[in-house]
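Let me begin by presenting the structure, written as structure tokens, before commenting on it.
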2 protein chains.
Amino acid sequence: MIGAMNILIADDHALFRDGMSLLLQALGQVHVAEARNRREIEAHLKHQDLFDLLLLDLDMPGITNADGVKRICESAPQTAVVVISGNDAGYVVKACLDAGAMGFISKSSAGKVMLAAIQMVLAGERYVPSIYFDNSSEYSSDAASTASSISPRQQQIWQMLIDGKSNKEIAIALGLTDSTVKQHVSALFRKLGVNSRTQAIQKARTNS
Amino acid sequence: MIGAMNILIADDHALFRDGMSLLLQALGQVHVAEARNRREIEAHLKHQDLFDLLLLDLDMPGITNADGVKRICESAPQTAVVVISGNDAGYVVKACLDAGAMGFISKSSAGKVMLAAIQMVLAGERYVPSIYFDNSSEYSSDAASTASSISPRQQQIWQMLIDGKSNKEIAIALGLTDSTVKQHVSALFRKLGVNSRTQAIQKARTNS
DNA sequence: CCCTATATAGTACAAAAGTACTAGATATAA
DNA sequence: TTATATCTAGTACTTTTGTACTATATAGGG
């Protein structure tokens, strides 16, 4: 690598940025910039262009889901984006990778694992966490699986429940009927073992 | 302070624990233990007793709200508990302090601020963040306020919405009628500017 | 080919949620 | 004292949610 690497850390928590910044010193010649919200990320990408790497928190002002990741990835095609998230459920990982991320790091990971992942991405490789493979075929294929997993459509609708959308709003957004949305929501509830949207939201927040 | 201080860091994110651990070195002689969930916290408190300080994350397996904080505080009355949270809304701060916490640190705070807060608590003082005072009378008094803030009852019910409870479950838990719960829920929605419980949950997650 | 799962859409119904009122008790601020 | 806000509880009503079915089309596995 010629010269110092430019890395942008985007997280709203100072201590996390500090810890990550310290971790990155192990890479040698690195120049680290920080952003606390989407506005600051975009400002950095516009004015100071050309970052080699963007470490992007998935729970910060302006970036709360894969859509936010997609926006950032599209506005910085030359920068490798690694998503860092506390929620490492398979559907989240898949959504982020589909959105254009080059890697996904769980916040529960040890520092060494994070560093290895970052080095892999800097080397041009995609990094996918092992958890992602544990559930094997469930999320790894874009085709529907036979297993009793949450289908892509259900995952999509799950995200919209989390975003506070009503059945009607979901139907309009996806170009479906109310009836179809209800069918998907009920199927999702059955798989999650819940019987209300608020419980489905809690499932996404806590365990998964 | 005689000898080394015993400090327990409870957070499910490794990097955060590392960053905090590093930060604590500035205090001099400290012995740091770590816990990743409630089970590990309780194990530490039982077997290794007598911690001077417990830095407790408010979003980790087993500890998601003030009730969790209360349980921990009660099981370790000799240990000063400082809650660390990404959500520093007034009602969260108040709930934690009421639960018995000696301090409340926002994850968005700079390291220096965190360190100062920790030192204050170790000195026997309660630390309350300045944000808590910005909204002045709203949360600082246990009496109801005239301001258009979220009342204690509404905060309590808000938390139960977040936990996925139905109106009926809330009514039973609080010994109220369905009608009264609905009244509180509607009043909360009006203040939050939403019209569904899923949106109310999202409000708690994102901005506030 | 058969079985299964998904995605779609419909009907029908029960339950829950949400709104809009009234109303009494209580506490606080002006 | 008056006004305001909370907490409680009630009635009445609409809308939304959730479940239980049927049904068609598609795609994959055995």
Side-chain angles (χ1 to χ4, degrees), chain A residues 91 94 135-158 160-203, chain B residues 91 94 135-158 160-203:
Chain A
Y91 76 96
K94 173 159 173 46
N135 314 3
S136 61
S137 60
E138 296 183 24
Y139 303 109
S140 55
S141 159
D142 51 347
S145 66
T146 322
S148 170
S149 65
I150 286 124
S151 76
R153 200 51 145 179
Q154 286 157 9
Q155 287 169 31
Q156 185 180 25
I157 287 176
W158 197 3
M160 297 177 90
L161 292 185
I162 294 164
D163 290 342
K165 301 273 180 284
S166 69
N167 289 339
K168 197 180 289 183
E169 287 172 321
I170 294 171
I172 293 167
L174 300 181
L176 301 174
T177 61
D178 235 52
S179 162
T180 302
V181 173
K182 279 187 182 182
Q183 194 283 326
H184 286 305
V185 169
S186 281
L188 173 67
F189 287 0
R190 237 174 292 130
K191 287 181 183 175
L192 294 177
V194 303
N195 52 12
S196 76
R197 47 221 295 121
T198 54
Q199 284 173 9
I201 293 169
Q202 212 213 0
K203 275 268 172 184
Chain B
Y91 75 97
K94 172 160 174 45
N135 314 2
S136 60
S137 62
E138 296 184 25
Y139 305 108
S140 55
S141 160
D142 52 347
S145 69
T146 322
S148 171
S149 65
I150 286 124
S151 76
R153 201 48 147 181
Q154 285 156 10
Q155 287 167 32
Q156 185 180 25
I157 286 174
W158 196 4
M160 297 177 90
L161 292 186
I162 294 163
D163 290 342
K165 301 270 179 285
S166 69
N167 288 340
K168 198 180 289 181
E169 288 172 320
I170 295 171
I172 293 168
L174 300 181
L176 301 174
T177 61
D178 235 53
S179 160
T180 302
V181 174
K182 279 187 180 181
Q183 195 282 325
H184 287 305
V185 170
S186 281
L188 174 67
F189 288 179
R190 236 175 291 131
K191 287 180 181 174
L192 294 177
V194 303
N195 53 10
S196 77
R197 47 221 295 122
T198 54
Q199 285 172 9
I201 292 169
Q202 213 213 357
K203 275 270 174 185

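Letters go in sequence order (proteins before strands), and every chain restarts at 1.
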Take the protein atom [atom1] of [X] and the nucleotide atom [atom2] of [N], then report the distance between them rounded to whole Å.
X: A:Gln183; N: D:dT16; atom1: CD; atom2: C1'; value: 18 Å
X: A:Phe189; N: D:dT17; atom1: CZ; atom2: P; value: 10 Å
X: B:Lys191; N: D:dC7; atom1: NZ; atom2: C1'; value: 11 Å
X: B:Leu188; N: C:dT19; atom1: CG; atom2: C1'; value: 15 Å

With five pairs defining each end axis, the helix from C:dC1-D:dG30 to C:dA30-D:dT1 comes out bent, to 10°, by 50°
- Message: Over all strands shown, is B:Ser186 touching base, sugar-phosphate only, or nothing at heavy-atom distances under 4.0 angstrom?
- Response: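 Base: the residue B:Ser186, judged by heavy atoms under 4.0 Å, touches a nucleobase.
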Working note: A:Asn167 + A:Arg197, criterion side-chain contact (heavy atoms from CB on, under 4.5 Å); need CA distance, chi angles, decisive distance, verdict. CA-CA 10 Å; A:Asn167 289 339; A:Arg197 47 221 295 121; 3.1 Å; yes
Given [N], is OP1 or OP2 found less than 4.0 Å from the side-chain N or O atoms of [X]?
X: B:Asn167; N: C:dA17; value: yes
X: B:Lys182; N: C:dT19; value: no
X: B:Arg153; N: D:dT8; value: yes
X: B:Lys165; N: C:dA17; value: no
X: A:Arg197; N: C:dA17; value: no
X: A:His184; N: C:dT6; value: no

Value for OG (B:Ser166) from NZ (B:Lys168), rounded to nearest 0.5 Å, stands at 7.0 Å
Name every residue in residues 170-181 of chain B that has at least one heavy atom under 4.0 Å from any atom of DNA chain C, in order of residue number, or write none if there are no such residues.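 Residues of residues 170-181 of chain B under 4.0 Å from DNA chain C: none.
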Starting from the C-alpha separation in whole Å, work towards a yes-or-no answer on side-chain contact (heavy atoms from CB on, under 4.5 Å) for A:Gln202 and B:Asp163.
-> CA-CA 6 Å; A:Gln202 212 213 0; B:Asp163 290 342; 4.2 Å; yes
Below 3.5 Å, can you tabulate the donor-acceptor pairs from side chains in residues 170-187 of chain B to any protein atom, sequence neighbours excluded?
from	atom 1	to	atom 2	distance (Å)
B:Thr177	OG1	B:Thr180	N	3.2
B:Thr177	OG1	B:Thr180	OG1	3.0
B:Ser186	OG	B:Lys182	O	3.3

